[in-house]
There are 2 protein chains.
Amino acid sequence: MTRKQRATLSDVASKAGVSPVTVSRAIRHPEMVSEKLRERIDNAVRSLGYIPNHLASALASHRTNIVGVIVPSLTNGVFDDYLAAIQDVFSLANIQVLVTNVRYSAEKEEKAINTLLGYHPEAMILVGVDQTENSRQMLTNAGIPVVQTLDLTDNPIDLNIGLSHDAAGFAAVEYLHKQGHESIAHLTARGDPRSQQRHAGYQRAMDAFGLSSKGLVALTPRISTVQLGRRLFAEVLDRQPKVDAVFCCNDDLALGALFECQQRGIRVPEDLAIVGFNDLEFCAASVPPLSSVGTERIQMGKWAAQNVLEIIRGSGQRPEMRQVNTGFTIHERGSSMPAHKNVPDTPEIPKNKASATG
Amino acid sequence: MTRKQRATLSDVASKAGVSPVTVSRAIRHPEMVSEKLRERIDNAVRSLGYIPNHLASALASHRTNIVGVIVPSLTNGVFDDYLAAIQDVFSLANIQVLVTNVRYSAEKEEKAINTLLGYHPEAMILVGVDQTENSRQMLTNAGIPVVQTLDLTDNPIDLNIGLSHDAAGFAAVEYLHKQGHESIAHLTARGDPRSQQRHAGYQRAMDAFGLSSKGLVALTPRISTVQLGRRLFAEVLDRQPKVDAVFCCNDDLALGALFECQQRGIRVPEDLAIVGFNDLEFCAASVPPLSSVGTERIQMGKWAAQNVLEIIRGSGQRPEMRQVNTGFTIHERGSSMPAHKNVPDTPEIPKNKASATG
DNA sequence: AGTGCAATTGACAGCGCTTTCATTTGAAAC
DNA sequence: GTTTCAAATGAAAGCGCTGTCAATTGCACT
């Protein structure tokens, strides 16, 4: 482990026999430097193993090339795709994404925003719309583009792309009800604001269809896991053996419910229908495959990133659409497919999508 | 969106009627400033919404409070736990973790290392030991602690914690062989160097026990998914119907294999035993629960972070152990449990663990 | 040679903060 | 009221880079 200082611009400049500015230019705008010098400088860079100090560069240029992204979880497969979509867009523009995982805590989110703003990101991309007043204040003061994603709000900080989780919850129940189910259970995690919205949608639908949800809802404050799905559904089954369908606030819980049915010899979908949420990859692979409410998580990440990019690197104009509703899609599969239906693959119930402008 | 400049240290200083240095101190070492001033300064900070510029601070102090972490994937549940463990350690020390996902590409890894070093991280934590020569060079030149994790090498860049995936692969096969299985298949992803090692261990064991692996190995260049596990195992089943066990290079593939068996009416474990790798959460929840080779991913992340912290913030001494083998544990569950065994929960086959010093 | 102009190159200041060292202040001790 | 010394505060320099503008160079054209 050599302890010698890392090479700086000046080091490269001396070695190449030019001034530091020229080195800076040779690196950032090669076309502005004569070929002769450029070559000498490239050699010096290589031989010294010079790597520009991003911090100094950011400080001097007021361009940090950093965008802050805050997610509530990584354990959940949802955010992988979402993050990947964001990174893909930014990596092409040489923008570094600073990701912070706040584990579904608004308090941690507030702290994370504070910390991230210390890096002077050129924009911030957030999940959800439930930031604290303090967080909103800090973000507004920062004077940078802010995108709230994966959920919708009437009062966005800046840009907003997402869907109504309440509507999605409603639609899931509506779908199950149309299949003839009456005793529709719901498994949900209360730590997640969006799951709460789905729960609200579930309840709204149950009420609307005159169905009772008594004893049919299992709620956990913990992070969702497959194991937990089994336990929660076991609770419901023990309480209300006549349950004939279950809508889960995410696919992990749904898979757990499926396993619990397998364990108990409950036939899916004949005895019981299951619908999950998010449409993660494994839904299509299980036996029977799990029906699930899919969201446009990749599109949402992409939109957020692309709009940010357009604002900070493009015309600087705000997009016309300041709010987009990406809707959702019910992917109907074997876990909820009535026997008489015989659709080959993954038929889709038309999206509930409606764009709103801001 | 206010476009006014963000407040600086000087702004706060003027507002509070003190010099900038004092503000700096009031923020970093409150005990060095008189109570009266500290209060005045705190008020000024609050009323201006001042957030220190981390970049300037890092540049001036030569402390970036940044640690770079490179992971090959986020889709895989393994890295969530691992990352969370790392973040937990560093967040207490107010160190920001800069994560880059390189999607199992050594080339991307090289680029990521270059980029991250531009932020002058105080340490780097990597996954695996297969960095390019160039990468190794850059890391060495950087003169910071480097930890290679999740795998072992005879020639570490600096610190190293992990396990022998070859040994783990061997042990999985050995275990299955001891259960009386002879026709042991293997599903594997060739994009991942550690999976390749497990594959090598599998092959080594098959050879050692005089078993033929002909037609029993299914290999994919793609990212593992449950769906893919089904497809790969389907291939094997179609080729070699007499297969009586399968060792999968990760749990996603194993779950897929289980589903494929369910689909085909193959009884697990009676007709066929399944063993996965990583022991993700869902393994214990499936029906039957999946046996899996568990690794100490959380411990590895924690060790890496703690040692880094000790070096950069503590005594500066290198730990005595420069290399640690965390071994692995075969979690024997229903998917491979012979009928006559009747152990209640998750019995463990003793760890293959042996620490080496460096 | 001399002029004009674009293409190259360099000097200098400063980004917002911390470090170091000098100065001031205040309180205790005589 | 001094003296003494620690505690509190401030002034100045500089981290490594970029932005701006000035200086130089090269070259075509008179």
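A, B, ... follow the sequence lines: proteins, then strands. Residue 1 opens every chain.
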Which residue lies toward the 5' end of DNA chain D, A:P20 or B:S19, if each is placed at its nearest nucleotide? B:S19
Quick test of your reading of the model: are A:D80 and A:R297 salt-bridged, counting only N-O distances below 4.0 Å? no
Taking only Lys NZ, Arg NE, NH1 and NH2, and the carboxylate oxygens of Asp or Glu, determine whether B:R6 and B:D11 approach each other closer than 4.0 Å. no
Among side-chain atoms of B:N43 and B:R40, is any donor-acceptor pair under 3.5 angstrom? no
Any chance the side chains of B:N65 and B:R313 put a donor and an acceptor closer than 3.5 Å? yes
Between the protein and nucleotides 4-8 of chain D, list every N/O to N/O distance that falls short of 3.5 Å.
none

Could you walk me through whether B:D158 and B:R318 satisfy the salt bridge (Lys or Arg N to Asp or Glu O under 4.0 Å) test, starting with their C-alpha distance in whole Å, then the side-chain angles of each, then the deciding distance to 0.1 Å, before giving a yes or no? CA-CA 10 Å; B:D158 188 4; B:R318 297 273 151 172; 2.6 Å; yes
I'd like a list of close polar pairs between nucleotides 19-23 of chain D and the protein, N/O only, cut-off under 3.5 Å.
residue	atom	partner	partner atom	Å
D:dG19	OP2	A:R28	NH1	3.0

Just how far is it from atom CD1 of B:I27 to atom CD1 of B:I41, taken to the nearest 0.5 Å? 8.0 Å
For DNA chain C, determine which residues of residues 42-52 of chain B have any heavy atom closer than 4.0 angstrom to one of its atoms, and list them numerically. B:Y50, B:P52
The residue among A:V147, A:D151, A:D154, A:V129 that forms side chain to side chain contact (heavy atoms under 4.5 Å, CB included) with A:N160 is A:V129
Would you indicate what A:H54 reaches in the nucleic acid, counting non-hydrogen atoms under 4.0 angstrom: base, sugar-phosphate, or nothing? nothing
Let's see if you can work this out: which of D:dC15, C:dG10, C:dC17 has an atom nearest to the side-chain heavy atoms of B:L59? D:dC15
Out of D:dT18, D:dG10, C:dC17, which nucleotide sits closest to the side chain of B:N53? C:dC17
Please report the C-alpha distance between A:Q131 and A:Q148 in whole Å, then the side-chain angles of each, then the deciding distance to 0.1 Å, and finally whether the side-chain hydrogen bond (donor to acceptor under 3.5 Å, both in side chains) criterion is met. CA-CA 9 Å; A:Q131 288 73 30; A:Q148 291 166 293; 2.9 Å; yes
Using 30° and 60° as the class limits, which term best fits the ring planes of B:Y104 and B:F79: parallel, tilted or perpendicular? perpendicular
